[in-house]
Amino acid sequence: MSNAFRAPPPAHQESPPLSSPERLVHLLSRVADKDREAFAELYEASVAKLFGTVLRILKQQAWANDVIQEVYVTIWQKAGRFESERASAITWMVTIARNAAIDELRKAPTRPTESDSILENWVTETPSAYDQRHQDETSTQLTLCLDELEESRQQMVRLAYLEGWSRAELASHFDQPVNTVKTWLHRALKQLKGCLGS
């Protein structure tokens, strides 16, 4: 299986377009049957997106390179658990990538973290019973604070941090320059932090 892995494209390069959602579902189905050729195709179709998700959280390319390898091992092992009725294929894979990156941050708390890590931690795997009450309270507060944002800013924050959209994808979706999207996100996060801290 290791032969299917190739280094993800450098961060400065344009990411290739993703395959269609239907194609990704088909590839995951074949990967669930341990089809190595399909796995290689799935990797090529999704690595830019997943690597970008991991890199945005970890901020270090070498570290992200290590984690993305683990992400695809997990996808290989758990492809049979994917349910197309519950989420799109890319959302399912992005969630695995995000959770893996967040787990790495928890293991190495001295490494640099994103200033908006509270949003990343909001979307993790099911918490332990010990942490459930605290996470429920935090999620409720965060939801209330999100509701105070303008509707377009709410949507942008959710797409960026819950769906893993890149800044370029957001710029295209909202028909705005990338720098404008970055500014809007920065202001939205600042407002959220102020609300959460009050």
side-chain contact (heavy atoms from CB on, under 4.5 Å) partners for [X], two or more places apart:
X    : value
H186 : none
E83  : E85, R86
A171 : V178, V181

Within the structure provided, determine whether [X] and [Y] are in side-chain contact (heavy-atom separation under 4.5 Å).
X    : Y    : result
E169 : K49  : yes
L185 : R167 : yes
V71  : I75  : yes
V73  : Q69  : no
V67  : I57  : no

Exercise for the section: Work out which heavy atom in A188 is nearest to a heavy atom in V157; give both atom names and the distance. Expected result: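 Shortest heavy-atom contact: CB-CG2, 3.8 Å.
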Exercise for the section: Measure across A97 and L50 and return the closest heavy-atom pair with its distance rounded to 0.1 Å. Expected result: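 That closest heavy-atom pairing would be CB-CG, 4.0 Å.
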Practice task
Could I get the full list of salt bridge (charged side-chain N to carboxylate O under 4.0 Å, His left out) partners for D66, not counting sequence neighbours?
Solution key: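 Applying salt bridge (charged side-chain N to carboxylate O under 4.0 Å, His left out) to D66 gives none.
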Problem - Enclosure of E37 CD (heavy-atom neighbours >12, cutoff 6.0 Å) - result: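 Not buried by this count: 12 neighbours or fewer within 6.0 Å.
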Problem - ring pair (Phe, Tyr, Trp, His ring centres under 6.0 Å) partners of residues 78-103, not counting sequence neighbours, each pair once - result: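 Ring pair (Phe, Tyr, Trp, His ring centres under 6.0 Å) check on residues 78-103 returns F82-W92.
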Examine distances only and state if a side-chain atom of [X] and a backbone atom of [Y] form a donor-acceptor pair shorter than 3.5 Å.
X    : Y    : answer
Y72  : V47  : yes
T183 : N179 : yes
K34  : W76  : yes

Problem - T53 OG1 to I90 CD1 distance, which is reported to the nearest 0.5 Å - result: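 Answer rounded to 0.5 Å: 7.5 Å.
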Exercise for the section: If a pair satisfies salt bridge (Lys or Arg N to Asp or Glu O under 4.0 Å) and one of its residues is in residues 180-191, list it, with sequence neighbours excluded. Expected result: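 Non-adjacent pairs meeting salt bridge (Lys or Arg N to Asp or Glu O under 4.0 Å): zero.
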